[in-house]
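This is a predicted model, so every value here is computed, not measured. If you read the sequence from its start, that first residue is 1, and numbering goes on from there.
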Amino acid sequence: MLFSKLKLLFKDTVIYGTSTILARSLNYLLVPLYANQLTTFDNGIQTLVYANIAIANVLFSYGLETSYLKCASDALHEERDGGGFFSTAFFSLLTTATLFTAILFFFAPGVSSLIGLTPAEQPFIRYAAVILWIDTLLVIPFAELRLKRKAVQFAVARIAGVVAVVLSAFILLGPFKAGLSGAFLANILGSALSLLMLTPVLRQLRLSFSFPQLRDMLRIGLPYVPTGIAGLLIHLIDRNLLIRMPAEDIERIYGAGMQASDVVGIYGRVVAFGVLLQLMIQVFRFAWQPFFLQHSSDPDAKRLFRHVLSISTMLTMVIALAATFFVPDLVRYHWGGRLYLLPPAYWIGLSVLPLIFLSYVFDMVSTNLSAGILITGSTRYLPVVTFAGAAVTGASCWLLIPLSGMEGAAWAIVAGTVVMSLVMAFYSLRVYPVEYDWGRLLLFLAAGIGIASAVALIGPFSVGARVALLFGYLALSLLLFQKEARLFFLQPALISICTGGGTLMTECAVKYTQS
């Protein structure tokens, strides 16, 4: 029954994503804190360093999380002792992370210049090195908890670390006036607490190391490194190019008095509001892969996947339009007459928000389309998809940032995610043909972009007018996707009025979904 399977997917989405949502939501409290307590220049430094921390994390862990899960899981299924993989993976990461951290410490001035900062910002490179070291030590213990399905312990350790970061940041930046250094120290304290809470997991370490096991894990894990970096660059290369904007371009676009770090700081804090859709997609992704792998052999699998793409894209577009209409108002609102989510100095960057929200719509499409490639085992195409998106994003940033600054960077992200969706569709449909409702989806997408563009061009619309437009767009979605609407919204009501017992209810629902 299609509805029961769709219901299972969305139930799994909630279960898998609860800890992620809570952790990210808590972490999101830091955005207004940093925006109000730090200058745009300091926010630019932090935004740039953390963007590169995300990229460096891939290098520091070099795919061992995924390969450990694979090798240890195979050992469990074959009833072999997999404990050696845990020790080998952990000690391997401990050794290399210590080496990489030492390199960052000794060459901090050069690394600072390499990423677009000045040698004077080298202390923040050293803070980043410590964060990377601790986070790398967390990789295998967290993977072990996932492997053993200890979800509660996983969630508690993860959320506790985030809570420690938030509380430490409020204390260090508030009463202690620690400034930007306080923001980095708070992260170090939070990561250290998570590591401390994972001490029980580390007790299973043995004083042993197996080079054959490491070789097996590296064979599986290393191919993920370039793909992982390319995937991150789609959403992070913009910061690394904005920081290199010439002073004359900054003055031409934004006027005198701004530096590249100010531009990066404003852009980074504004783009952070894309978390609304980022979380939705991330949580969906957690549940989507096991869902489509489980149901790939069902007789109605392709029809089911078509409905999932339509429903998930429809919901993402509606949320993206709602966010476009109302998030800027929330940002500009003076809460209690004392606090802005982002102070007025950041409002110059709010024009990028609709583009950031739009890019996540294409991320949702790509996530759906990945099913065909993974079901058929055609994973050799995934690096092509990712590198195509990263290449287009990088080239577009290089061309557009000198012309329009932050908006150019946002347009580049849209271009990269569109290309990624197209390339993903090309390869996915080639190996696993599904008759998706492209015509209706494109019409719905065009309508949403048209409504948002009209509101932006015509001028300020009242809240009531924007609410009316949003409900009109929702009505259009129900009109275009009537069958999906019946599956998603109306079938529970149908089942409730189908009396006569469970068998009759099931027959009634099946007939309804097949209509």
Side-chain angles (χ1 to χ4, degrees), residues 12 15-20 22-24 53-98 100 131-162 190-206 208-225 227-229 231-232 282-283 285-290 293 374 379:
D12 287 350
I15 294 173
Y16 286 127
T18 299
S19 63
T20 298
L22 186 55
R24 291 296 300 273
I53 283 177
I55 296 170
N57 264 322
V58 179
L59 295 172
F60 268 62
S61 59
Y62 44 89
L64 275 198
E65 177 183 21
T66 302
S67 58
Y68 168 71
L69 286 170
K70 168 66 175 171
C71 293
S73 178
D74 288 347
L76 286 174
H77 290 154
E78 297 168 8
E79 297 183 350
R80 292 185 286 112
D81 181 17
F85 285 107
F86 182 84
S87 301
T88 297
F90 183 84
F91 286 128
S92 176
L93 288 179
L94 174 62
T95 302
T96 54
T98 303
F100 295 157
I131 293 170
L132 283 164
W133 186 78
I134 300 175
D135 286 351
T136 303
L137 299 189
L138 291 169
V139 168
I140 300 304
F142 270 132
E144 174 70 5
L145 292 178
R146 290 171 58 198
L147 182 68
K148 299 294 177 60
R149 295 183 177 178
K150 296 181 179 179
V152 174
Q153 190 177 351
F154 178 97
V156 169
R158 187 174 182 182
I159 292 170
V162 175
S191 296
L193 178 62
S194 290
L195 185 61
L196 181 64
M197 295 189 70
L198 293 179
T199 303
V201 183
L202 294 174
R203 287 175 182 162
Q204 63 183 286
L205 279 172
R206 306 171 184 172
S208 63
F209 189 90
S210 170
F211 283 100
Q213 287 182 342
L214 178 62
R215 184 179 62 248
D216 290 342
M217 288 189 284
L218 290 177
R219 178 177 51 81
I220 297 170
L222 286 179
Y224 283 91
V225 174
T227 306
I229 292 175
L232 285 170
Q282 187 174 1
V283 170
R285 188 179 289 122
F286 279 145
W288 178 227
Q289 183 171 344
L293 290 174
L374 294 175
T379 53

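Partners of Thr95 by side-chain contact (heavy atoms from CB on, under 4.5 Å), not counting sequence neighbours: none found. Every residue meeting the ring pair (Phe, Tyr, Trp, His ring centres under 6.0 Å) condition with Phe100, not counting sequence neighbours, appears here in chain and number order: Phe60. Scored by the ring pair (Phe, Tyr, Trp, His ring centres under 6.0 Å) test, Tyr224 finds no partners at all (sequence neighbours excluded). Under the side-chain contact (heavy atoms from CB on, under 4.5 Å) criterion, Asp135 pairs with Asn57, Ile131, Leu138, Ser191, sequence neighbours left out. Residues that satisfy the side chain to side chain donor-acceptor pair (under 3.5 Å) test with Thr96, not counting sequence neighbours, are Tyr62. Taking the side chain to side chain donor-acceptor pair (under 3.5 Å) definition, one finds that Glu65 meets it with Arg146, sequence neighbours left out. Every residue two or more places apart in sequence or in another chain that forms a side-chain contact (heavy atoms from CB on, under 4.5 Å) with Leu202 is listed here: Phe86, Phe90, Pro141, Leu195, Leu205. With sequence neighbours excluded, no residue forms a ring pair (Phe, Tyr, Trp, His ring centres under 6.0 Å) with Phe91. Residues satisfying the side chain to side chain donor-acceptor pair (under 3.5 Å) test with Thr379, not counting sequence neighbours, are none.
Once rounded to the nearest 0.5 Å, the distance linking CZ of Phe154 with CE of Met197 reads 12.5 Å. Distance check, rounded to the nearest 0.5 Å: CG of Leu137 to CG of Leu132 gives 11.0 Å. Here the CD1-CG distance, from Ile140 to Leu93, works out to 5.0 Å after rounding to the nearest 0.5 Å.
Side-chain atoms of Ser194 come within 3.5 Å of backbone N or O of Ala157 as a donor-acceptor pair. Side chain of Thr88 to backbone of Phe85: no donor-acceptor contact under 3.5 angstrom is found. The main-chain N or O of Gly84 is never found under 3.5 Å from a side-chain atom of Ser87 such that the two would form a donor-acceptor pair.
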Listed pairs under 3.5 Å, donor-acceptor, residues 214-223 side chains, sequence neighbours left out:
none

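The closest side-chain heavy-atom distance from Ile229 to Leu59 is below 4.5 Å.
Listed here is the closest heavy atom pair of Leu232 and Ala54: CD1-O, 3.2 Å. For Tyr68 against Ala89, the heavy-atom pair with the smallest separation is CD1-CB, 4.3 Å. The shortest non-hydrogen separation linking Thr199 to Leu196 is OG1-O, 2.6 Å.
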